[in-house]
There are 2 protein chains.
Amino acid sequence: MATIGDVAREAGVSRSTVSYALSGKRTISRETRERIESAISRLGFTVNAGARALATSETMVLGLLLQFHEDEFPPAMLQYIYAISQAAREVGYDILMVTDSDGPAAVRRITQSNMVDGIILLDIAHDDPRLAPLRAARQPAALIGLPRDTEGVDVFDLDFGEAARLLVDQLYGLGHREVILLAPPRHVFERGGAYAWRFRDAAMERAARYGITLYTYYGESQQPAIDRSLNAILDARPTATALIVHNDASIAALPRILQERGTVVPDDLSVVSLFPRDFGRSFQLPYTAVETSPDTLAREAVQHLVRRIIDPDYAPPIVKFVEPELTVRGSTA
Amino acid sequence: MATIGDVAREAGVSRSTVSYALSGKRTISRETRERIESAISRLGFTVNAGARALATSETMVLGLLLQFHEDEFPPAMLQYIYAISQAAREVGYDILMVTDSDGPAAVRRITQSNMVDGIILLDIAHDDPRLAPLRAARQPAALIGLPRDTEGVDVFDLDFGEAARLLVDQLYGLGHREVILLAPPRHVFERGGAYAWRFRDAAMERAARYGITLYTYYGESQQPAIDRSLNAILDARPTATALIVHNDASIAALPRILQERGTVVPDDLSVVSLFPRDFGRSFQLPYTAVETSPDTLAREAVQHLVRRIIDPDYAPPIVKFVEPELTVRGSTA
DNA sequence: TATATTCGTCGAACCGGTTCGATCGCTGAT
DNA sequence: ATCAGCGATCGAACCGGTTCGACGAATATA
């Protein structure tokens, strides 16, 4: 590989001149610049990322930390990963994807060794053990998901509480007074997935205020338990007139289950849910729902992170809740 | 951040001594080593990855290049991504994930700038445009998927031809003589996804040999077209007694569709398929099938790649087909 | 006892960039 | 005619590691 020294020699200038021609940080005469450019293309020169990183202390890489929980629904995760990667590239950054099962160690490893300029965390737990090493790090971080303590980090998340209220309101307005809430699996709550109880608690609070009887159940994460539990829940509450599903794995299975049971939506049962917008691409989900948009969330997180990398205190840490939007699909009556 | 110079000063030795103590490449006295180690932990020293990469020309990072096609089924992709990431970490490497839509440019960018020690390519097209820049690169590559020309790269893939034969044999042995083959979407063929026609052609060849009438159809990739096309196909061939599904998106929707139609498996129709082993985790797929194992494939690719990074010509380039395995689930009669 | 080895350590060079300060030739203002 | 100011370029230092050759002291060999 050609180095900047080779280019300098070929163009008959010094290394620093080549560097300045590349960065444009000092004026270079038209003639010299052209000589350098032609030398670069003749030699096929590309700057060595490691050397540049060493000199500038900027790697132009973002760390993407994620854990893969057995009880998580894969399609949803990929939405985020992909969106983050795309958004990062748009602003000139690459993604170092780290899936270590030991999250805190992973954070320490990549921040202390200076492999990345910033960090994005997915799958935030209420007391996320990765936050401590993250706060100790030199690099800024953006979280997608809400932890208990947001100090020193930027947070982006859907307003799950508001989403729940929106859905309950919708059902209440249509006259439903006996509703089943299918929440995420129990492990999600135990692990501290705050989005789970933010949604559940808001739904319960709202239902209570309206005098709605809300039956709360926790879904399963893997087949065939998903099917079994859905059937069991529906069997247990024959008088319920509506179903709120906050559970990706279950919502994907629901159409088939209802079909099997001969339950017609919305005649026999109203169904509302909450899932990523692109689920429709993979699954047939004809339900009125709050559609989350991983793309938007990811893009916003990345852009904020990059701004903070460039200027660490361009603004105080933010906690941004994306407003949920209801897409009505006529699965309610 | 403490540098190796800080450690050296703290321990009262030279920088090189610290380096040798770290790498173990030269003998260091017990006493000195202990002084260095305590200095390291006192200062919280971690080697700077960029500096080490510059000095050693080894980044300990693998590039993972993938493109996200609209007509692909996301869950399958994630299996690979995750497995590769895990396998890489096991052997000390991190993953730089690149999703640029311009694949060849991405290959050039990360290889020429020396960001990675090796490259893994997913989603190989028959004439994959990324291969040219890859062969020009200094870094070795492993492909998951089979291109036309395998020169200079290591290739890992399921033996799709054999998989097809296995499934056709299975049906033939049970007496089926009129079979529907649901292949991947047309775009996959057009784009050059070799696995698609390797499976299809082998199935057709085998069917012809046995005198089986094979109706070949191409599935859709997105809802609601998937549902529509499945129904149309089943309507068009009421006399077919078996269905071979080589199409992730369709197989995920199939149970519901059959339910809707009142078709009982295997009494009314035998179904066999080909999908990743872990699909059972997300979807309820009670079908006899060749189950692919992204984990195994990914692990093998990564391990080979790393070996080749360490010793570029430890062996000639390999093309490794993983033998398909049939899991019988009683969806045939 | 003289000599060859081995052990433990150091200094310097190098990896491939960036950046600061200095120099030099011109131009324009005084 | 003098000098400030600017444009264009260079050299050197630096980023934080690794590695090679050298060297003194201790140990083994003859």
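Remember, it's a predicted structure, so these values are computed and weren't measured experimentally. Lettering follows sequence order; numbering is per chain, from 1.
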- request: Using only heavy-atom distances, decide whether a donor-acceptor pair under 3.5 angstrom links the side-chain of B/R52 to the base of D/dT18.
  value: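 Between D/dT18 and B/R52, which were checked side chain against base, a qualifying N/O pair under 3.5 Å is absent.
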
message: Can you tell me whether the side chain of A/R33 and the base of D/dG7 have a donor-acceptor pair closer than 3.5 Å?
response: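 Under the 3.5 Å cut-off, the side chain and the base do not form any donor-acceptor pair.
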
Across the strands shown, which category fits [X] at heavy-atom distances under 4.0 angstrom: base, sugar-phosphate, nothing?
X: A/I28; result: sugar-phosphate
X: B/S16; result: base
X: B/S14; result: base
X: B/T3; result: sugar-phosphate
X: A/T27; result: base
X: A/T46; result: sugar-phosphate

Does [X] reach the main-chain N or O of [Y] with its side chain, forming a donor-acceptor pair under 3.5 Å?
X: A/R299; Y: A/A83; result: no
X: B/R135; Y: B/E151; result: yes
X: A/S113; Y: A/R109; result: yes

Taking [atom1] from [X] and [atom2] from [N], how many angstroms apart are they, rounded to a whole number?
X: B/N114; N: C/dC15; atom1: CG; atom2: P; answer: 13 Å
X: A/L22; N: C/dG16; atom1: CG; atom2: C1'; answer: 12 Å
X: B/E34; N: C/dG8; atom1: CD; atom2: C1'; answer: 15 Å
X: A/R15; N: D/dA13; atom1: CZ; atom2: P; answer: 13 Å
X: B/I4; N: D/dT19; atom1: CD1; atom2: P; answer: 11 Å
X: B/R138; N: C/dC15; atom1: CZ; atom2: P; answer: 15 Å
X: B/Y20; N: D/dC20; atom1: OH; atom2: P; answer: 6 Å
X: B/M60; N: D/dG17; atom1: CE; atom2: P; answer: 16 Å

message: Given D/dA22, D/dG16, D/dT19, identify the nucleotide with an atom nearest to the side chain of B/T56.
response: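 It is D/dT19.
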
Would you say [X] places a side-chain N or O within less than 4.0 Å of OP1 or OP2 belonging to [N]?
X: B/K25; N: D/dT19; result: yes
X: B/S19; N: D/dT19; result: no
X: A/S57; N: D/dC15; result: no

- prompt: Can you find a pair of side-chain heavy atoms, one from A/D154 and one from A/R307, that are under 4.5 Å apart?
  reply: no

task: Map A/G50 and B/G12 onto DNA chain C by nearest heavy atom, then report which one ends up closer to the 5' terminus.
output: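 Its nearest nucleotide being more 5', the pick is B/G12.
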
task: Before accepting this row, confirm whether a basic side-chain N of the pair A/R30/A/E34 lies closer than 4.0 Å to the acidic partner's carboxylate O.
output: yes

- prompt: Are a donor atom and an acceptor atom from the side chains of A/S38 and A/R42 found within less than 3.5 Å of each other?
  reply: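 Yes - a donor-acceptor pair under 3.5 Å links their side chains.
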
